[in-house]
Colleague: 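Structure in structure tokens, see below.
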Amino acid sequence: MGKVNLEDNDTKEKKTEFSLVRVKDTWKCKRGKKVTADNLSAAKIYESITENSTSWTVVSPIVFTYKVIETQDLLDPSNQTLLLGHINDPQQLEDMKKSNKQIRRFLVVDQEVYKFYGPKLTEYLETNKVLYKILALPTTEENKSMTMALKILEEVNNFSLDRRTEPIIAIGGGVCLDIVGLAASLYRRRTPYIRVPTTLLSYIDASVGAKTGVNFANCKNKLGAYIPPAAAFLDLSFIQTVPRRQISNGLAEMLKMALMKHRGLFELLETHGRMLLDTKFQADNRVYGRNCMQVASQATRIAIVTMLEELAPNLWEDDLNRLVDFGHLISPALEMKVLPSLLHGEAVNIDMSYMVYVSKERGLLTEEEKHRIINCMVGLELPVWHEAFTMELIQKSLQDRLKHSGGLVRMPLPVGLGEAEILNDTSCEILHRAYVKWCDELSVSSDSNSDS
């Protein structure tokens with residue numbers, strides 16, 4: 001751009017664009033738009049000078065690269081993914097394999113997961129001659145707090161972690177991954193970390209995004225940062241040890257992506273949901289034959305790809321219109337209100353169930369589509385109604401959303417099976433009418449299910 005003189009309200013303003021070029025061990029400003037050099041930064045500095053002031057505008061693109069890797073037998077000592085799978089540079093990887101330097105790793109593991117996999121994890125680390133520290137913690141929604149994050153940070157500091165070459169490893173469900181991610185983002189301003197999800201919900205949701213956080217002031221994830229992991233390592237075999245209810249919990253987030261983006265995934269869940277629950281996404285040739293593993297792989301792959309499609313171009317949520325917010329307008333308040341009686345996916349599903357009725361009242365769904373969706377939810381053994389999900393809670397949650405979403409409610413709603421739109425003009429009358437029908441049709445069946 002070079003130097004440009006502009007007249008603005010009779011005040012002369014001189015603007016200059018600078019590129020940044022590395023010269024030996026320092027960076028130098030070079031004037032002009034078409035600067036070429038071997039060591040040219042993507043950053044720019046724009047200087048503006050008027051008679052009364054000088055200002056500098058810095059534009060510094062930040063690029064995050066992270067891997068999401070599906071693997072098998074992650075804790076098999078011959079599988080090097082857990083230790084080296086995050087490394088992108090082939091030369092660095094080769095150097096690491098040839099090096100005689102002992103690998104060091106700090107691991108945070110959910111204590112329930114540790115009961116199942118502690119011996120196997122220890123054997124893996126010792127077989128690979130890793131100097132390690134395992135911190136097993138009760139990472140539940142009730143203690144998802146800064147206190148827990150600080151406890152992790154104290155232990156990390158005692159381990160004298162090298163933040164460049166020794167990523168922190170988090171092994172557990174979504175709460176564990178969120179807390180460790182926040183702790184890593186705080187330690188020395190950003191320490192790389194690795195996510196290993198052990199629940200279905202964290203497998204398809206928390207592990208593939210950039211969000212970290214803890215609860216604060218009785219609000220879900222009110223403190224946090226957008227710092228993606230260096231890598232997420234996904235191994236479906238972990239899912240076999242979680243309770244059936246946790247499988248349903250994860251299927252809610254899978255159903256969310258199906259309703260928003262992928263009719264084929266919806267139909268797969270509608271047809272094979274019971275099988276996925278029974279087999280826990282594992283091979284089971286005795287009852288279901290070979291088909292079950294194919295369905296499990298297909299379902300998780302579609303869920304992950306559709307999630308990445310929405311997250312990758314909007315990692316920092318600069319665009320507040322987000323389809324992945326479906327089921328998350330009222331559910332955070334509901335989940336915290338009745339903690340710990342509802343799991344995250346259960347609260348999300350109750351929110352989605354109500355919003356399906358809103359879509360029907362707006363003429364976006366047919367009666368048949370509404371029933372198919374609700375029947376699918378019930379088939380996945382998910383709650384579709386809750387007494388604490390009141391009209392008052394809905395109104396308060398939507399008012400809070402207006403404050404934090406640029407004055408618009410930005411309500412994702414299904415407009416068919418596998419299609420959605422984000423709307424800002426849903427009237428209070430429609431919300432109330434949908435609520436009355438939702439309660440009339442679903443509260444009785446939900447009450448009878450809870451009694452059985």
Side-chain angles (χ1 to χ4, degrees), residues 1-68 86-96 161-168 181-194 208-213 223-232 308-322 324 404-408 410 422:
M1 184 168 70
K3 293 188 175 180
V4 179
N5 291 326
L6 299 175
E7 295 293 330
D8 184 12
N9 296 329
D10 298 324
T11 300
K12 289 184 178 180
E13 182 180 13
K14 183 172 67 177
K15 291 186 175 181
T16 309
E17 175 180 338
F18 293 101
S19 297
L20 290 146
V21 178
R22 191 177 188 97
V23 181
K24 293 186 178 179
D25 293 327
T26 188
W27 290 95
K28 297 284 189 179
C29 283
K30 299 292 182 182
R31 183 182 293 127
K33 190 172 184 179
K34 296 183 179 180
V35 175
T36 58
D38 291 336
N39 295 314
L40 181 65
S41 171
K44 299 276 190 180
I45 297 175
Y46 298 89
E47 182 182 72
S48 176
I49 302 175
T50 67
E51 292 180 3
N52 300 319
S53 68
T54 302
S55 67
W56 296 270
T57 300
V58 179
V59 178
S60 183
I62 299 173
V63 176
F64 276 105
T65 301
Y66 66 102
K67 294 181 175 182
V68 179
H86 64 286
I87 299 174
N88 292 308
D89 183 358
Q91 187 58 55
Q92 183 186 357
L93 180 59
E94 190 63 29
D95 292 344
M96 282 285 291
L161 197 79
D162 180 344
R163 75 179 184 93
R164 295 288 183 184
T165 61
E166 297 170 2
I168 300 170
L182 180 60
S185 74
L186 293 173
Y187 189 69
R188 299 185 67 86
R189 295 188 178 89
R190 184 168 65 88
T191 295
Y193 69 101
I194 288 167
V208 300
K211 286 183 178 181
T212 70
L223 301 180
Y226 296 103
I227 303 291
L308 287 173
E309 282 178 341
E310 294 299 308
L311 298 183
N314 193 27
L315 212 55
W316 283 269
E317 297 185 8
D318 295 317
D319 183 355
L320 296 175
N321 288 323
R322 304 172 69 248
V324 293
H404 305 300
S405 297
L408 297 172
R410 303 176 197 274
I422 295 174

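Residues: numbered from 1 along the sequence shown.
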Colleague: When rounded to the nearest 0.5 angstrom, what is the spacing between CG in Asn321 and CZ in Arg410?
Modeller: 4.5 Å
Colleague: Any chance you could measure Ile45, atom CD1, to Lys30, atom NZ, to the nearest 0.5 Å?
Modeller: 13.0 Å
Colleague: What's the separation between atom CD in Glu166 and atom CG in Leu161, rounded to the nearest 0.5 Å?
Modeller: 5.0 Å
Colleague: Under 3.5 Å, is there a donor-acceptor pair between the side chain of Tyr193 and the main chain of Ile227?
Modeller: yes
Colleague: Would the Trp56 and Phe18 ring centres measure less than 6.0 Å apart?
Modeller: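 No, the ring centres sit 6.0 Å or more apart.
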Colleague: Decide yes or no for Leu40 and Ser19: does some side-chain heavy atom of the first lie under 4.5 Å from some side-chain heavy atom of the second?
Modeller: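 The answer is yes, as the side chains (C-beta and beyond) meet within the 4.5 Å cut-off.
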Colleague: Can you name the nearest heavy-atom pair linking Leu182 to Leu223, along with the distance?
Modeller: CD2-O, 4.3 Å
Colleague: Do you know which two heavy atoms are closest between Leu320 and Gly406, and how far apart they sit?
Modeller: CD1-N, 4.0 Å
Colleague: I'd like to know if the side chain of Thr212 and the backbone of Ala225 have a donor-acceptor N/O pair within less than 3.5 Å.
Modeller: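 Yes, the answer is positive, given that a donor and an acceptor are paired below the 3.5 Å cut-off.
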Colleague: Closest approach of Lys24 and Arg22, non-hydrogen atoms and distance?
Modeller: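 Nearest pair, atom of Lys24 first, then Arg22: O-NE, 3.4 Å.
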Colleague: Are any of the side-chain heavy atoms of Phe64 and Trp316 separated by less than 4.5 Å?
Modeller: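 When only atoms from C-beta onward are counted, Trp316 and Phe64 do touch, with a gap below 4.5 Å.
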Colleague: At what distance, to the nearest 0.5 angstrom, does CD1 of Ile49 lie from NZ of Lys15?
Modeller: 12.5 Å
Colleague: Is Arg163 reaching over with its side chain to a backbone N or O of Arg190, donor-acceptor style, under 3.5 angstrom?
Modeller: yes
Colleague: Looking at NZ of Lys28 and CG of Asn39, how far apart are the two atoms once the value is rounded to the nearest 0.5 Å?
Modeller: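 Reported to 0.5 Å precision, the distance equals 14.5 Å.
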Colleague: For residues Glu13 and Ser48, is any side-chain donor paired with an opposing acceptor at under 3.5 Å?
Modeller: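 Yes - a donor-acceptor pair under 3.5 Å links their side chains.
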Colleague: Check whether any side-chain heavy atom of Ser41 lies under 4.5 Å from a side-chain heavy atom of Val21, and answer yes or no.
Modeller: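 Sidechains of Val21 and Ser41: no contact.
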Colleague: Report yes if the side chains of Tyr226 and Leu315 come closer than 4.5 Å at any heavy-atom pair, otherwise no.
Modeller: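 When only atoms from C-beta onward are counted, Leu315 and Tyr226 do not touch, as no gap falls below 4.5 Å.
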Colleague: Determine the minimum heavy-atom distance between Pro61 and Ala42, stating which atoms define it.
Modeller: CD-O, 3.6 Å
Colleague: Tyr66 side chain to His86 main-chain N or O, any donor-acceptor pair under 3.5 Å?
Modeller: no
Colleague: If every non-hydrogen atom of Asn314 is compared with every non-hydrogen atom of Asp319, which pair is closest and at what distance?
Modeller: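 Scanning both residues, the minimum pair turns out to be ND2-O, 2.8 Å.
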Colleague: Measure across Leu20 and Cys29 and return the closest heavy-atom pair with its distance rounded to 0.1 Å.
Modeller: CD2-SG, 3.9 Å
Colleague: Near Lys44 NZ, under 6.0 Å, is it more than 12 heavy atoms from other residues, nucleotides or ligands?
Modeller: yes
Colleague: So, do Arg322 and Leu311 sit near enough that their side-chain heavy atoms are less than 4.5 Å apart?
Modeller: yes
